[in-house]
Amino acid sequence: MAGKSKQFEELPYFFSFMFELRIEAYGDLSKYDTIVTRGSPTENGNFTKFYLDNGIVNAVMMVTRKENVEAIKQLIRLRKKIDDPASLGNESNKIEVGIT
């Protein structure tokens, strides 16, 4: 606004809250070749899905689940290739930028 231009850096996101259902998504959900699920959509409806393209996390969607949103955003922004994408589905692993 003061004459300097700054690149827009916010990730695309959306959220919706309907009664007990909470949906949050970050990143670009349209480009992926692999989806890794953390949690169980069928058992309790609480899950997180990681959308990867060639091992790089492009987007994350959480349904009725709390995760570390700042770590998720950073994971998407850094565009770091995940050596073992299945590790994202392991609930004993913390979601961190250094996850491999």
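Closest of all the heavy-atom pairs between A59 and G27 is CB-C, 3.9 Å. For the pair I82 and S87, the tightest heavy-atom approach, listed with the atom from each and the gap, is CG2-OG, 4.4 Å. Nearest heavy-atom pair, T64 versus N46, reported as atom, atom and distance to 0.1 Å: O-OD1, 2.8 Å.
The same ILVMFWY cluster, assembled from side-chain heavy atoms under 4.5 Å apart, contains both V36 and M62. Each of L21 and V60 belongs to its own hydrophobic cluster when Ile, Leu, Val, Met, Phe, Trp and Tyr are linked at side-chain heavy-atom distances under 4.5 angstrom. Hydrophobic clustering of Ile, Leu, Val, Met, Phe, Trp and Tyr side chains at less than 4.5 Å, counting indirect connections, unites I23 with I35.
Counting heavy atoms from C-beta outward, K73 and E10 have side chains that approach closer than 4.5 Å. Residues E70 and N68 have side chains in contact (heavy-atom distance under 4.5 Å, counting atoms from C-beta outward). Looking only at side-chain heavy atoms (C-beta outward), T34 and F50 stay at 4.5 Å or farther from each other. Side-chain atoms of V57 and R79, non-hydrogen and from C-beta on, never get closer than 4.5 Å to each other.
The structure places CG of N58 at 7.5 Å from CG of L52, a figure rounded to the nearest 0.5 Å. Of the inter-residue distances, the one linking R22 atom CZ with M18 atom CE reads 12.5 Å to the nearest 0.5 angstrom. Considering CD1 of I76 and CG of L11, their distance stands at 5.5 Å, rounded to 0.5 Å. Between I72 atom CD1 and L88 atom CG the span is 10.0 Å, to the nearest 0.5 Å.
Looking at residues two or more places apart in sequence or on another chain, you find a side-chain contact (heavy atoms from CB on, under 4.5 Å) between F15 and Y13, F17, E24. Among residues two or more places apart in sequence or in another chain, the salt bridge (Lys or Arg N to Asp or Glu O under 4.0 Å) test is passed with E91 by R65. With sequence neighbours excluded, the residues that form a side-chain hydrogen bond (donor to acceptor under 3.5 Å, both in side chains) with N90 are S92. With sequence neighbours excluded, the residues that form a side-chain contact (heavy atoms from CB on, under 4.5 Å) with F47 are T37, P41, K49, M61, V63.
Counting only residues at least two apart or in different chains, salt bridge (charged side-chain N to carboxylate O under 4.0 Å, His left out) contacts with residues 25-36 comprise K31-D53. Among residues at least two apart or in separate chains, there is no ring-ring contact (aromatic ring centres under 6.0 Å, His included) pair with a member in residues 63-92.
By the neighbour-count criterion of 12 heavy atoms within 6.0 Å, atom OH of Y51 is densely surrounded, having more than that number from other residues, nucleotides or ligands.
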